[in-house]
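Step one of this worksheet: look at the structure below.
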Amino acid sequence: MPGEPQTYDLVVAANRLPVDKVVSDSGEVSWQRSPGGLVTAMESVMRNRAGAWVGWAGDSGPAPEPFDEDGLHLHPVGLSAEEVRDFYEGFSNDTLWPSYHAVIVPASFPRDWWTAYREVNARFAGAVARLAEPGARVWIQDYQLQLAPALVRRLRPDLRIGWFNHIPFPPVELFAQLPWRSQILEGLLGADFLGFQRQADAQNFVRACRQLLRAQTKGDTVAVGDGSPRRVRASAIPISVDFDGLEELARRPDVVARSRELRESVGNPKVLLLGVDRLDYTKGIRHRLKAYEELLVEGRVGPPDVTFVQIATPSRERVEAYQNLRSEIEQTVGRINGDHGQIGAPPIHYLHHAYPREEMAAFFQAADVMIVSPLRDGMNLVAKEYVTCRYDLGGALVLSEFTGAWHELHQAFACNPNDIEDLKQAIMRAITTPAKERQRIMRALRRRVSEHDVQRWAQRFLAALDAAPERPVAGS
Ligand code: ADP
Ligand code: F6P
């Protein structure tokens, strides 16, 4: 007879596991690190804890057996090819993603996608309910799993349920466009505590509950149920990076040597500009290229003195908006290099790959100016990783006001990426500000990130979950 299944006092559910299953042409299976900020952050949190991680293994087909990976207890959830299309590429990334990011591209609302979203959320909830020990804490992640809190509560009312949104939560005028807006709010209200990147996101959520569900709200809480309602708290707890671990990596002699090698391989410019993003229309890569091209045309920057490295990680490659973005970026890079390049000295080095963490740390150290120019971004961990790697106090960060990171890293060279002149000026200020002043700024940025690292974020989230009101709260 099989033994009792193992249960855990902390269960994390995220759309992705920290590793993706990759099957080679010869059928060989290997695992590679999954993309995105959620994985970067949660991986370092979970390495120090004895919990389980429920998530999708990144391909279609039956779920692989649970397995341990470098101390993490991973429990895969399977998605069929249709569910990858309708739940992941469709509802998550063609309905919710654009809706929650200021509709930079139009959102689509096919009804079949909603069915898949409900079914996959129910599968995640079932897996969580099976793995959680009595009274355990459950920590559900992000916009792909907004129905899971209520579904888990229905299956296991004994659990403490938290949810964290890694992306923005939209203003009610935008959120209200979703045909399934009420069901999504009701799904989230199954949690005891809801965490957001910025206070404005938490307030948008509370306002949506008040206006669309006619729920009673008081400060940062929403009352759920009649008679003696349960209170759900929604509050900002901004995510961060593993400051100590990443700085230690950046200080490694092989990483330092590699950063020198990288500079040499792009011709040892006086100024190396860097962009690092998933290839996503929210990241403002087009705006960045436009600003750089204008600076080239005006003769204010250019090779061999100034060069630009843009790393664009492949992302959501079967979604049309991402395919259009990729071809537009690649054409623009080709045109700029054709118009302004010299033999052996292109103005842009464009790389469409994922790299190991060591290589990313070396790139960050090699870059004199890091350009982070999203049109909308929940946090942007790249900005925090860059300052973490600059223990030498070198470098300068150009940062969009529309990132969560901006709310913590005010000393950075600010820009509104929609205003190309402003973006150009921010880049030029970052290049020309005297080294002493840049060091002062970098020291302040690093202090903020070191004092608010990812471990502190996790502690704050779990403490808020523990402190969430017990239910029911009669008459309050
Ligand atoms: P998002 O979650 O939207 O992708 P973030 O900036 O918050 O954006 O997080 C991106 C994460 O992915 C960071 O940890 C960053 O270092 C990592 N990353 C970005 N590009 C690459 C790449 N080409 N190879 C490896 N890691 C990458
Ligand atoms: O941070 C937002 C986010 O969507 C995460 O949920 C995800 O890990 C990351 O970006 C990468 O996206 P995807 O999982 O679609 O590749």
Side-chain angles (χ1 to χ4, degrees), residues 12-20 32-44 53 55-59 79 84 87-94 96-98 100-101 140-146 163-169 196-197 238-243 245-246 249-250 274-285 309-319 321-322 350-364 367 370-389 397 399-400 403-406 409 454 457:
V12 164
N15 177 50
R16 276 190 190 277
L17 289 173
V19 284
D20 272 348
Q32 72 181 29
R33 189 156 177 263
S34 319
L38 182 155
V39 162
T40 306
M42 288 312 292
E43 199 180 9
S44 33
W53 184 325
W56 171 51
D59 74 344
L79 298 188
V84 173
F87 159 76
Y88 170 68
E89 293 162 350
F91 199 81
S92 296
N93 290 316
D94 213 3
L96 294 174
W97 182 268
Y100 283 33
H101 286 91
I140 300 165
Q141 312 286 324
D142 231 355
Y143 62 100
Q144 300 95 340
L145 298 177
Q146 294 178 96
W163 176 82
F164 184 80
N165 196 31
H166 292 253
I167 69 172
F169 196 89
F196 295 85
Q197 300 281 25
I239 200 167
S240 194
V241 296
D242 175 14
F243 187 88
L246 184 55
L249 180 77
L274 177 67
V276 172
D277 318 77
R278 265 184 316 99
L279 189 41
D280 195 298
Y281 49 80
T282 59
K283 302 289 183 182
I285 304 171
V309 174
Q310 174 64 53
I311 303 178
T313 325
S315 186
R316 306 171 188 168
E317 292 193 289
R318 294 195 313 187
V319 178
Y322 289 77
Y350 172 76
L351 304 160
H352 185 239
H353 306 289
Y355 293 97
R357 276 160 43 86
E358 291 79 358
E359 188 76 354
M360 297 307 294
F363 269 116
F364 289 141
M370 178 85 219
I371 310 176
V372 177
S373 57
L375 308 175
R376 203 85 186 82
D377 205 334
M379 173 51 65
N380 197 285
L381 290 183
V382 163
K384 291 186 171 181
E385 288 172 351
Y386 178 65
V387 304
T388 301
C389 289
L397 174 65
L399 184 58
S400 160
T403 60
W406 165 244
L409 304 178
V454 75
W457 168 75

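All values reported here derive from a predicted model rather than from experimental measurement. Numbers for residues simply follow the sequence, beginning at 1. Each ligand, and each atom within it, is numbered from 1 in the order the structure gives.
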For ligand 2, which atoms have a heavy atom of [X] less than 4.0 angstrom away?
{"X": "P35", "result": "8 (O), 11 (C), 16 (O)"}
{"X": "I167", "result": "2 (C)"}
{"X": "W97", "result": "2 (C), 4 (O)"}
{"X": "Y88", "result": "13 (P), 15 (O), 16 (O)"}
{"X": "Y143", "result": "4 (O)"}
{"X": "R316", "result": "3 (C), 4 (O), 10 (O), 11 (C), 12 (O), 13 (P), 15 (O)"}
{"X": "R16", "result": "13 (P), 14 (O), 16 (O)"}
{"X": "G36", "result": "9 (C), 11 (C)"}

Just jot down the side chain to side chain donor-acceptor pair (under 3.5 Å) partners of Q141, sequence neighbours excluded, or say none.
H166

If you scan protein heavy atoms around atom 7 (C) of ligand 2, the nearest is L38 CB, 4.4 Å

Show me, by chain and number, every protein residue that has a heavy-atom distance under 4.0 Å to ligand 1.
G36, G37, T40, V276, R278, K283, I311, T313, H353, A354, Y355, M360, N380, L381, V382, E385

Expected list for residues 375-384: side-chain donor-acceptor pairs under 3.5 angstrom, two or more places apart:
unit_1: D377; atom_1: OD2; unit_2: K283; atom_2: NZ; d: 2.9
unit_1: D377; atom_1: OD2; unit_2: N380; atom_2: ND2; d: 2.9
unit_1: N380; atom_1: OD1; unit_2: V382; atom_2: N; d: 3.2
unit_1: N380; atom_1: OD1; unit_2: A383; atom_2: N; d: 3.0
unit_1: K384; atom_1: NZ; unit_2: I239; atom_2: O; d: 2.8
unit_1: K384; atom_1: NZ; unit_2: E408; atom_2: OE1; d: 3.4
unit_1: K384; atom_1: NZ; unit_2: E408; atom_2: OE2; d: 2.8

Test item: side-chain donor near acceptor, Q146 and N165, under 3.5 Å:
no

Could you check whether Y88 and R16, counting side-chain N and O atoms only, form a donor-acceptor pair closer than 3.5 Å?
yes

Below 4.0 Å from any atom of ligand 2, is there a heavy atom belonging to D142?
yes

Is there a heavy atom of Q144 sitting under 4.0 angstrom from any atom of ligand 2?
yes

Does the distance from a Lys or Arg side-chain N to an Asp or Glu carboxylate O, for R316 and D280, drop under 4.0 Å?
yes

Part of Q141 within contact of ligand 2 (heavy atoms, under 4.0 Å):
neither

Does the S92 side chain pair with the main chain of E89, one donor and one acceptor, at a distance under 3.5 Å?
no

Tell me if a side-chain donor or acceptor on S34 pairs with a main-chain N or O of P18 at a distance below 3.5 Å.
yes

Sequence neighbours excluded, the answer for side-chain contact (heavy atoms from CB on, under 4.5 Å) partners of A354 is T313

My understanding is that only one of F164, Y100, W163, Y143 makes a ring pair (Phe, Tyr, Trp, His ring centres under 6.0 Å) with F196; could you say which?
W163

